[in-house]
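FYI, side chains are in, hydrogens and waters are out, and symmetry mates aren't considered; it's all heavy atoms of this structure. All residue numbers refer to positions in the sequence shown, counting from 1.
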Amino acid sequence: MNIIFDIGNVLVKWDPVDIVRSVINAPGAVRVAEHLFDHADWHEVDRGCLTIPEIIQRAVERTDIDEDIVTAIYQAVPASLTPIAENIDLLLQLKRAGHGIYALSNMGLDNAAYLAKTAPFWNEFDGKVISAEVKLIKPDPAIYEYLLEKNGLTNSGCIFIDDSLINVHTAENLGIKSIHFQSSAQVATELRKYISWA
């Protein structure tokens, strides 16, 4: 069986509010995070259609946040993507048991490049699709189909793990067994319904 992992909030920490607070530890961090990350511009970074310098300028123009603060927040993102140890351990156990390990992630080019250099699990994947590299983002069915076709996988031969319900539902609609990530223990329990490992 082939296991397809989302990366953010599954294999690495992804917490926009914490990122903002690392730069401005003050009231309003939640609202700032919404302005900077829960916005179409950030999704266009994931799609590979906008760069970080471009969204810094756009954020400054549409908010009242100082440019140096916006810049510092976006520049703090890569280092915040720290591995989640218990989930990396699960990935490695599955790989040692002979299962295929793949990644399907909405992620900008800068963050992917950072993880490629620093994340100890990055080279464990048998294949990976990063949204910005292919100009597609989940939950567009085309990015799932791209991963399957690129790696010679069948939908029935895969299990998809993601923390986003809409992404999980899209995979299920494509005939891919899917697990909505909530915790490492929960995912391990659900995986054992389909496969076994050490």
Side-chain angles (χ1 to χ4, degrees), residues 4-84 87 103-119 122 128-147 160-174 178 180-183:
I4 305 169
F5 285 89
D6 176 34
I7 295 178
N9 262 350
V10 176
L11 298 179
V12 301
K13 180 181 177 183
W14 168 242
D15 191 330
V17 176
D18 270 5
I19 293 167
V20 172
R21 286 179 175 150
S22 74
V23 175
I24 49 166
N25 191 10
V30 172
R31 180 63 60 85
V32 172
E34 289 173 353
H35 282 310
L36 299 186
F37 296 105
D38 189 17
H39 187 274
D41 283 355
W42 183 251
H43 301 308
E44 289 305 297
V45 171
D46 282 349
R47 197 189 298 273
C49 295
L50 286 177
T51 66
I52 295 299
E54 287 170 339
I55 65 163
I56 289 172
Q57 189 58 45
R58 291 162 71 112
V60 170
E61 290 172 357
R62 64 181 165 78
T63 71
D64 58 359
I65 308 170
D66 292 343
E67 183 172 354
D68 59 340
I69 292 174
V70 174
T71 300
I73 289 169
Y74 281 133
Q75 289 179 343
V77 172
S80 77
L81 304 175
T82 54
I84 302 171
N87 299 343
L104 179 60
S105 181
N106 286 352
M107 184 176 293
L109 295 173
D110 292 348
N111 293 335
Y114 176 83
L115 289 177
K117 291 179 181 177
T118 63
W122 198 255
K128 64 181 81 71
V129 171
I130 303 299
S131 60
E133 296 175 357
V134 297
K135 301 294 194 292
L136 295 166
I137 59 172
K138 296 176 291 184
D140 185 343
I143 194 170
Y144 301 77
E145 293 165 347
Y146 180 90
L147 173 71
F160 175 64
I161 302 169
D162 199 299
D163 67 310
S164 164
L165 263 178
I166 189 170
N167 294 344
V168 165
H169 290 157
T170 300
E172 290 173 340
N173 288 338
L174 292 170
S178 300
H180 179 216
F181 178 87
Q182 298 168 71
S183 72

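- Within the 4.5 Å cutoff, side-chain heavy atoms of Trp14 are placed close to those of Ile19.
- In this structure, the side chains of Ile161 and Val10 come closer than 4.5 Å at one or more pairs of heavy atoms.
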Can you give me every donor-acceptor pair (side chain of residues 139-147, partner residue at least two apart or in another chain, under 3.5 Å) with its distance?
from   : atom 1 : to     : atom 2 : distance (Å)
Asp140 : OD1    : Ala142 : N      : 2.9
Tyr144 : OH     : Asn167 : O      : 2.8

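- Heavy-atom contacts from other residues, nucleotides or ligands closer than 6.0 Å to CZ of Arg31 number 12 or fewer.
- Taking 4.5 Å as the limit, some side-chain heavy atom of Glu67 sits within range of a side-chain heavy atom of Gln57.
- A 4.5 Å side-chain heavy-atom check between Glu133 and Met107 finds every atom pair outside the cut-off.
- A donor-acceptor pair under 3.5 Å is absent between the side-chain atoms of Thr82 and the main chain of Lys13, judged by distance alone.
- Nearest heavy atom pair, residue Val168 against residue His180, reads CG2-CA, 3.8 Å.
- Heavy atoms only, all atoms of each residue included: Thr63 and Ala59 are closest at OG1-O, 2.7 Å.
- A 4.5 Å side-chain heavy-atom check between Phe5 and Ile7 finds every atom pair outside the cut-off.
- For Asp66 (side chain) and Ile69 (main-chain N/O), no donor-acceptor pair under 3.5 Å exists by modelled atom type.
- How far OG of Ser105 is from CG of Asp162: 8.5 Å, rounded to the nearest 0.5 Å.
- The backbone N or O of Arg21 sits nowhere less than 3.5 Å from a side-chain atom of Asn25 that would complete a donor-acceptor pair.
- A heavy-atom distance below 4.5 Å is found between the side chains of Leu36 and Ile73.
- Put simply, the side chain of Ile84 does not reach to within 4.5 Å of the side chain of Leu11, judged on heavy atoms.
- Atom NE2 in His43 sits 11.0 Å away from atom CD1 in Ile55 (nearest 0.5 Å).
- Counting heavy atoms from C-beta outward, Lys128 and Trp122 have side chains that approach closer than 4.5 Å.
- Annotation for Ala171 and Ser178: closest pair CB-OG, 3.2 Å, computed over non-hydrogen atoms.
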Q: Carefully, step by step, assess Val134 and Val129 under the rule side-chain contact (heavy atoms from CB on, under 4.5 Å).
A: CA-CA 8 Å; Val134 297; Val129 171; 3.9 Å; yes
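- Atoms CD1 and CD1, from Ile65 and Ile56 in turn, are 12.0 Å apart once rounded to the nearest 0.5 Å.
- In this structure, Val23 and Ala76 approach most closely via the heavy-atom pair CG2-CB, 4.3 Å.
- With values rounded to the nearest 0.5 angstrom, Ile130 atom CD1 is found 10.0 Å from Asp46 atom CG.
- Minimum heavy-atom separation, Leu104 to Ile4: CB-CG2, 3.7 Å.
- The line from CG of Asp41 to CZ of Arg62 is 5.0 Å long, rounded to the nearest 0.5 Å.
- By the salt bridge (Lys or Arg N to Asp or Glu O under 4.0 Å) test, Lys135 pairs with no residue at all, sequence neighbours left out.
- Salt-bridge check for Arg58 with Glu61: failed, with every basic side-chain N at 4.0 Å or more from each acidic carboxylate O.
- The ring-ring contact (aromatic ring centres under 6.0 Å, His included) contacts involving residues 49-80 comprise Phe37-Tyr74, Trp42-Tyr74, where partners must be two or more places apart or lie in separate chains.
- Checking side-chain atoms of Asn106 against main-chain N and O of Lys138 turns up a donor-acceptor pair under 3.5 Å.
- When all heavy atoms of Gly8 and Asp6 are compared, the pair lying nearest together is O-OD2, 3.1 Å.
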